[in-house]
Number of protein chains: 2
Amino acid sequence: MRDFMAITKALSDPNRVRILLALRQGELCVCQITELFNFAPSTVSKHLSILHHAHLITSQKSERWVYYRLAEKKLAPVAVREALDWVHKSLGKTDEAAADAKKLKRILRTDLAVICAGQKC
Amino acid sequence: MRDFMAITKALSDPNRVRILLALRQGELCVCQITELFNFAPSTVSKHLSILHHAHLITSQKSERWVYYRLAEKKLAPVAVREALDWVHKSLGKTDEAAADAKKLKRILRTDLAVICAGQKC
DNA sequence: CATTCGTTTCGTCGTTTGACGAAATATAAT
DNA sequence: ATTATATTTCGTCAAACGACGAAACGAATG
C-alpha cells in the first residue's frame with residue numbers, strides 16, 4: 001500500500017506526468033527538463049525526487065549532469081510497470097504530449113552547456 | 001489529460017483507494033462505508049463524489065439510500081478500466097484490503113437501518 | 001586547492017486537501 | 001402535510017503541496 005500510494009501521489013501532479021511522457025524520448029538531465037517547462041531548477045529537482053522515490057524513474061550521474069530515465073521494464077516492480085504503461089497509453093498521443101515532445105526535440109538538438117548557460121543555475 | 005488527472009487525483013488518497021477495494025464486494029451505500037472507516041458521513045460523501053467525478057464509480061438511488069458501485073468494465077473509458085484493474089491487481093491481496101473486507105462482511109450481514117441508527121446522521 | 005557549475009536541500013509563501021460539524025436538500029414514512 | 005432520515009453542501013481548520021530563491025553540496029576544472 002505504501003509503495004502504491006507513492007506512485008499515485010507521484011502521478012497526481014500534471015507536471016510530473018508530463019515529465020514521464022517527456023522521458024519516453026530517452027534520458028534527460030535536470031536542466032533539460034527545466035528548459036522544457038520553464039520552472040526553477042529546484043522545482044524540477046523536487047519533482048524528479050518524488051518520481052524517483054516512487055521508483056518510476058532511475059538516475060545516473062555522468063560527467064557534470066545527473067540523467068534521469070524511465071524505470072526499466074524488466075527490473076521495475078509490477079505496479080510501476082503498469083503505471084508507466086497506463087500513463088503512456090492514456091496520454092502518449094495527446095496534443096499536450098506532442099507539444100512537449102516537439103519542444104523537447106529542439107532542446108535535445110542544443111548543446112547542454114548552452115542550455116545551462118541560459119539558466120544561471 | 002483533464003480526465004486522466006481526475007483519476008490520478010482520486011487515487012492519490014489512501015482512503016479513496018480503500019473504498020475502491022471495498023466496492024469489489026458489490027454496491028455499498030454511504031452509511032455502510034461510513035461504518036467501515038469510522039469517518040463522518042460528510043467526509044465519505046466527499047470521497048465518493050471525487051471518485052464519481054473521475055468516473056471510477058457510479059451511483060444509483062434505491063429506497064432511502066444511495067448506492068455506489070465500481071464503474072462497469074464494458075461502459076467505462078479505457079483509462080478508468082485500466083486504473084481499476086491496476087488498483088485491484090496491486091492491492092487486492094494485501095493484508096489491509098483483507099482486514100477491510102473482513103469488517104465489511106460483518107457490516108453487510110447487519111440490517112441497514114441498524115447501521116444508520118448507530119450513526120446519528 | 002580554490003573555483004565553477006549542475007544539482008539538491010532548506011525555508012517561505014500562497015493554494016489545495018482532507019477532516020469535521022452544522023445546515024440544507026430530498027425522499028420515505030407517518 | 002408533517003416528520004424522519006440518508007445524503008450532500010457549506011464553512012472552517014490544520015496539514016500537505018507546489019512554486020520560488022538562497023544557500024549548501026559535490027564532482028569536475030583550472
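Letters go in sequence order (proteins before strands), and every chain restarts at 1.
- Here C:dT7 presents its P atom at 12 Å from CD of A:Glu27, a figure rounded to the nearest Å.
- Between the CG atom of A:Leu28 and the C1' atom of C:dG6 there is a distance of 15 Å, rounded to whole Å.
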(message) Would A:Arg18 and A:Glu96 count as a salt bridge (charged side-chain N to carboxylate O under 4.0 Å, His left out) here? Give the steps.
(response) CA-CA 9 Å; A:Arg18 288 172 72 197; A:Glu96 219 157 341; 5.2 Å; no

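- The CD atom of B:Gln32 sits 12 Å away from the C1' atom of D:dA6 (whole-angstrom rounding).
- You'll find that the side chain of B:Val30 is closest to D:dT7, out of D:dT7, C:dT8, C:dA19.
- The one candidate from A:Leu51, A:Asp100, A:Asp13 that meets the side-chain contact (heavy atoms from CB on, under 4.5 Å) condition with A:Ile19 is A:Leu51.
- If you check C:dG21, D:dG21, D:dT7 against the side chain of A:Ala40, the one that comes closest is D:dG21.
- Annotation for B:Lys103: atom NZ counts as buried by contact number, over 12 foreign heavy atoms lying within 6.0 Å.
- Using a 4.5 Å heavy-atom cutoff, the side chains of B:Ile33 and B:His47 are not in contact.
- A donor-acceptor pair under 3.5 Å is formed between the side chain of B:Trp86 and the backbone N or O of A:Ala79.
- Here C:dT7 is the nucleotide among C:dT8, C:dT7, D:dG18 with the atom lying nearest to any side-chain atom of A:Cys31.
- Scanning residues 6-16 of chain B for heavy-atom distances under 4.0 Å to DNA chain C yields B:Asp13, B:Asn15, B:Arg16.
- B:Ile33 places its CD1 atom 15 Å from the P atom of D:dA6, with the value rounded to the nearest Å.
- For C:dT8, the OP1/OP2 oxygens have a side-chain nitrogen or oxygen of A:Ser45 closer than 4.0 Å.
- Rounded to whole Å, atom P of D:dA28 lies 15 Å from atom CG of A:Leu112.
- Formation of a donor-acceptor pair under 3.5 Å by the A:Ser12 side chain with backbone atoms of A:Lys9 is found in this model.
- The shortest side-chain heavy-atom distance between A:Val17 and B:Met5 falls under the 4.5 Å cut-off.
- Interface residues of residues 49-71 of chain A facing DNA chain C, ordered by number: A:Arg64, A:Trp65, A:Val66, A:Tyr68; criterion, heavy-atom separation under 4.0 Å.
- Between A:His47 and the phosphate of D:dC17, there is no side-chain N or O to OP1/OP2 separation shorter than 4.0 Å.
- Nearest to the side chain of A:Ser42, among D:dT8, D:dG18, D:dC20, sits D:dC20.
- Under the 4.5 Å side-chain criterion, counting only non-hydrogen atoms from C-beta, B:Leu48 is not in contact with B:Val66.
- With a 4.5 Å cut-off on side-chain heavy atoms, A:Leu70 and A:His88 count as touching.
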